[in-house]
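Values reported hereafter were calculated over all heavy atoms of this structure, with side chains retained and with hydrogens, waters and symmetry mates removed.
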2 protein chains.
Amino acid sequence: MNEEINHFAGDNDPDRMLQKKKYRTPDGVPADIVMFTLTKRERKTVTKTLPIRELKVMLIKRKSWPFAGKWALPGGFCQENESIYDAAKRELMEETGVDGGHLEYLGVYSRPGRDPRGWIISHAFFALVEEWMLEHRQATDDAEEVGLFTIEEALYKLELGFDHRTIIEDAYRRIQEQMLQTTIARQFLPRHFTLSELYQVIQSVVPDFEEPNFIRKITSTRSRKGIIEEVRDEEGNPLSSNQYSQRPAQLYRFTDLRPRLSIYT
Amino acid sequence: MNEEINHFAGDNDPDRMLQKKKYRTPDGVPADIVMFTLTKRERKTVTKTLPIRELKVMLIKRKSWPFAGKWALPGGFCQENESIYDAAKRELMEETGVDGGHLEYLGVYSRPGRDPRGWIISHAFFALVEEWMLEHRQATDDAEEVGLFTIEEALYKLELGFDHRTIIEDAYRRIQEQMLQTTIARQFLPRHFTLSELYQVIQSVVPDFEEPNFIRKITSTRSRKGIIEEVRDEEGNPLSSNQYSQRPAQLYRFTDLRPRLSIYT
DNA sequence: GTAATAGTGTCTGTTAGACATTATCGA
DNA sequence: TCGATAATGTCTAACAGACACTATTAC
């Protein structure tokens, strides 16, 4: 607490303060974004089937010092007239050309020496975007190379700049947690979806999620059925889709309900 | 991304960079700590009974500009040679004189104009400390007034400086979430505790947690009994305590197990 | 028909939730 | 003895988990 009191050396005039600082201040506060997307790839089979989905992370290849030639997270410096979240939103907009999507704060990375340019405190976010949103950038901005990588590639095969490997690890842990504890799965699904699609989305983010009775459980237990609901047309007939299967499957959508989880209940 | 590239204007020498920055940088990056404690008050009854527990938050009364005379969270500025977490730990140590305790990152507060001293980006933490740890400060540091308040007092009765009301709201939400989803209850309990004590601790942080069959549920269901275990002596006899009741109650301790929660399972 | 995915029937053992009952000890 | 808290008994309905079975469509 004493630091705070003395930091500005008793000067009570905010306008003159900036010239009188006694302590070193950070050299920059960027927002870095771990952009996740779920790629869809058609399977070449005879009959209808679900596309293969795979979780990917978007990285850029740096052109200048530091870490030139290495892969890193997209990011940009925060400015005085915006919050860190604003900076992240702006950055996301610049990368995708789209305003929407899920953007969530991940944490702060401030280990001394993490950035050779000086005292740079980075704020990490993760975003869930659709695959087509990333094509925007590849088309409009040819200054830097853009790549989509699986988590394994990003973590174990690529040389990453800064402490971005740590950030991606943390982001991966967090998206897995959120996938099971919230309804962010909706970000990777159309508004109406089948339960197989939902199950597949969950599994592509959390590979060891296995629930043999998934459909039964989510539709027939009082405590869980609330988070999704059947889609019906104007007359109240259930809507179904046979886009991915011979037999049509019931369509569902997420409700606004969010159950409260507890280890004790 | 372009910001990042241009930020240092192509200068590749880190030593000279600080003099050549073209953009304004933050004026300070403090760590503010929401210190929670659970006070224990003996009940004056004839027979043995559990003490009354109440969640409190520790605030200090500011002596100087800005917000002189208002209550605020304890905090201190982060220095160049430490991480934000280090700064928070240092601050916690200064306030309590103790090194341990639970300290967890809460988030960043960076709304422009939030601090009249300039561009100040605050990082909030929350800590769980024992009541006696706060007496240290009251004894050794008489420069500023220290107070322990209930959440209701802090949020609705006090005039708080900065955006600290928002921070306390967020911290309260978070500690409630963590109380139900993790085993942070252990921070407020002795190493060995009775199930009534555990139940009471949970309830004092999450008042609307009600589980009439709490004891039954936590001891007899396979999925939940793993997080705690009975305490036994060397011969394997169960240990119990009649500190708070006539009939002795079985003592338990937390295990290291942490169940994975999911809205789908 | 066959293949492929959607969805239900059925069975057993476990859990939830409510309420009554017994246990242990101090005063 | 009574009073207070700890812990178990008991009963019904709901749920979990496994596996077999039926349903709907494309080809």
Of the candidate nucleotides [options], which contains the atom at the shortest distance from the side chain of [X]?
X: S245(A); options: dA18(D), dA7(D), dT5(C); result: dT5(C)
X: N213(B); options: dA7(D), dG17(D), dG17(C); result: dG17(C)
X: P248(B); options: dC25(C), dA6(C), dA26(D); result: dC25(C)
X: K217(A); options: dA16(D), dA6(D), dA7(D); result: dA16(D)
X: Q246(A); options: dT24(D), dA6(D), dC25(C); result: dT24(D)
X: A249(B); options: dA6(D), dT10(D), dA6(C); result: dA6(D)
X: E211(B); options: dG26(C), dA26(D), dG17(C); result: dG17(C)
X: R247(B); options: dT5(C), dA23(C), dA18(D); result: dA23(C)

Integer-rounded Å distance: [N] [atom2] and [X] [atom1]:
X: L251(B); N: dT24(C); atom1: CG; atom2: P; result: 17 Å
X: K48(B); N: dA6(D); atom1: NZ; atom2: C1'; result: 13 Å
X: Y252(A); N: dA6(C); atom1: OH; atom2: C1'; result: 10 Å
X: R216(B); N: dC11(D); atom1: CZ; atom2: C1'; result: 11 Å
X: Q200(B); N: dT5(D); atom1: CD; atom2: P; result: 11 Å
X: F214(A); N: dT5(C); atom1: CZ; atom2: P; result: 17 Å
X: Q243(A); N: dT24(D); atom1: CD; atom2: C1'; result: 17 Å
X: Y244(A); N: dA26(D); atom1: OH; atom2: P; result: 17 Å

Toward the 5' end of DNA chain D, by each residue's nearest nucleotide, T265(B) or L50(B): L50(B)
Between S196(B) and dA6(D), does any side-chain N or O lie under 4.0 Å from OP1 or OP2? yes
Charged N to carboxylate O under 4.0 angstrom, E197(B) versus R53(B)? yes
W71(B) vs F149(B) aromatic rings, parallel, tilted or perpendicular, using cut-offs 30° and 60°? perpendicular
For F254(B) and F193(B), I'd like to know if the aromatic rings sit close, meaning centre-to-centre distance below 6.0 Å. yes
Which atom names give the shortest non-hydrogen contact between N242(A) and K48(A), and what distance separates them? O-NZ, 2.9 Å
Can you see whether Y109(B) engages D32(B) through a side-chain donor-acceptor pair at a distance of less than 3.5 angstrom? no
Using a 4.0 Å heavy-atom cut-off, does T49(B) contact any base of the nucleic acid, only the sugar-phosphate backbone, or nothing at all? sugar-phosphate
